[in-house]
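Scope of the values below: all heavy atoms of this structure, side chains included, with no hydrogens, waters or symmetry mates.
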Amino acid sequence: MAQLITPSPSFHRSWLDAATEFDGVHIDGAGAENVELASLDSLPAFEAFTAALVADALPDTPRKPGYVPCTYLWIVDGSTFLGSLAIRHELNDFLLNEGGHIGYSVRPSARRRGHAAKALADALPLAAGIGIERVLVTCDEDNAGSRATIEKNGGVHEDSRNGKRRYWIDAN
């Protein structure tokens, strides 16, 4: 059964295999923006990467301008990495309009099995624990799978902005 966990170096090979499946496409919720996959081949580099992901939840952690504190979680089943989920602790203008509080992705070979829906459901109480009462989740207009995932978790469509459907979900 898939579950959300804190990023761990023990998933090094499985994470790299999953990242390769995305074939260069942005991996929502992974925290791997501007990271070359080849740079994570060594275990020490991957350990540093996972430590940075964990540290990003702390308010005082240095981060790029425009980025907010974020809790990164991984969707795993046993020793297999299935995907990523990010809970952004606050909304800046970009996140309010397009990105939302929660972003997620499931590796292509594990899609259409309910992993995203379960991960989102499991993340809602964690968001509430951070103090987020109403969670904004967005998806591309043409992403029927993500739309179904959000609606299955109680998402109420508010509007669309810049090609993104915006949904609110009560976290409690």
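A continuous path of hydrophobic side-chain contacts links Leu16 to Val35 [ILVMFWY only; heavy atoms under 4.5 Å]. The cluster map of Ile, Leu, Val, Met, Phe, Trp and Tyr, joined by side-chain heavy atoms under 4.5 Å apart, puts Leu136 and Phe94 in the same cluster. Cluster annotation: Val156 and Ile150 are assigned to distinct hydrophobic clusters (Ile/Leu/Val/Met/Phe/Trp/Tyr, side-chain heavy-atom contacts under 4.5 Å, transitive).
No donor-acceptor pair under 3.5 Å is formed between the side chain of Arg161 and the backbone N or O of Glu98. A donor-acceptor distance shorter than 3.5 angstrom exists from the side chain of Arg166 to the backbone of Leu96, with no hydrogens or angles considered. Of the possible donor and acceptor atoms, one in the side chain of Thr61 sits under 3.5 Å from a partner among the backbone N and O of Ala55.
Here the straight-line distance linking atom CD of Glu158 with atom OG1 of Thr138 works out to 12.0 Å at 0.5 Å rounding. For the atom pair Asp140 CG and Arg165 CZ, the distance stands at 11.5 Å (nearest 0.5 Å). Interatomic distance, Glu21 CD to Ile27 CD1, rounded to the nearest 0.5 Å: 10.0 Å. Note: Ile5 CD1 to Asp122 CG = 13.0 Å, rounded to the nearest 0.5 Å. Considering CD1 of Ile169 and CG of Leu124, their distance stands at 5.5 Å, rounded to 0.5 Å. Taken from NE2 in His115 to CG in Leu4, the straight-line distance is 12.0 Å, to the nearest 0.5 Å.
Side-chain atoms of Leu43 and Pro9, non-hydrogen and from C-beta on, do get closer than 4.5 Å to each other. Using a 4.5 Å cut-off on side-chain heavy atoms (C-beta onward), Val137 and Thr149 make no contact. Counting heavy atoms from C-beta outward, Lys164 and Asn97 have side chains that stay 4.5 Å or more apart. At least one side-chain heavy atom of Phe22 sits under 4.5 Å from a side-chain heavy atom of Ser105.
In terms of heavy atoms, Leu40 sits closest to His12 at O-NE2, 2.8 Å. Closest approach of Ala30 and Leu53 over heavy atoms only: O-CD2, 3.7 Å. Of all non-hydrogen atoms in Gly31 and Phe49, the two that sit nearest each other are O-CE1, 3.7 Å. Residues Ala45 and Ser39 approach most closely at CB-O, 3.2 Å, considering heavy atoms. Considering every non-hydrogen atom in both Arg113 and Ser109, the closest pair reads NH2-O, 2.6 Å. Minimum interatomic distance between Ala123 and Leu85 (heavy atoms only, all atoms of both residues): CB-CD2, 3.7 Å.
Counting non-hydrogen atoms of neighbouring residues, nucleotides and ligands closer than 6.0 angstrom, the CG atom of Asp23 reaches no more than 12 such neighbours.
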Taking it one step at a time, do Cys139 and Glu151 satisfy side chain to side chain contact (heavy atoms under 4.5 Å, CB included)? CA-CA 11 Å; Cys139 68; Glu151 291 173 356; over 6 Å; no
Full working for side chain to side chain contact (heavy atoms under 4.5 Å, CB included) between His101 and Trp168: CA-CA 10 Å; His101 284 107; Trp168 290 95; 4.3 Å; yes
Tell me which donor-acceptor pairs under 3.5 Å the side chains of residues 65-83 have, and how far apart each pair is, sequence neighbours excluded?
residue: Thr71; atom: OG1; partner: His89; partner atom: NE2; Å: 2.7
residue: Asp77; atom: OD1; partner: Met1; partner atom: N; Å: 3.2

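The side chain to side chain donor-acceptor pair (under 3.5 Å) test applied to Asp56 returns Arg63, not counting sequence neighbours. The side-chain contact (heavy atoms from CB on, under 4.5 Å) search around Ser10 returns Ser8, not counting sequence neighbours.
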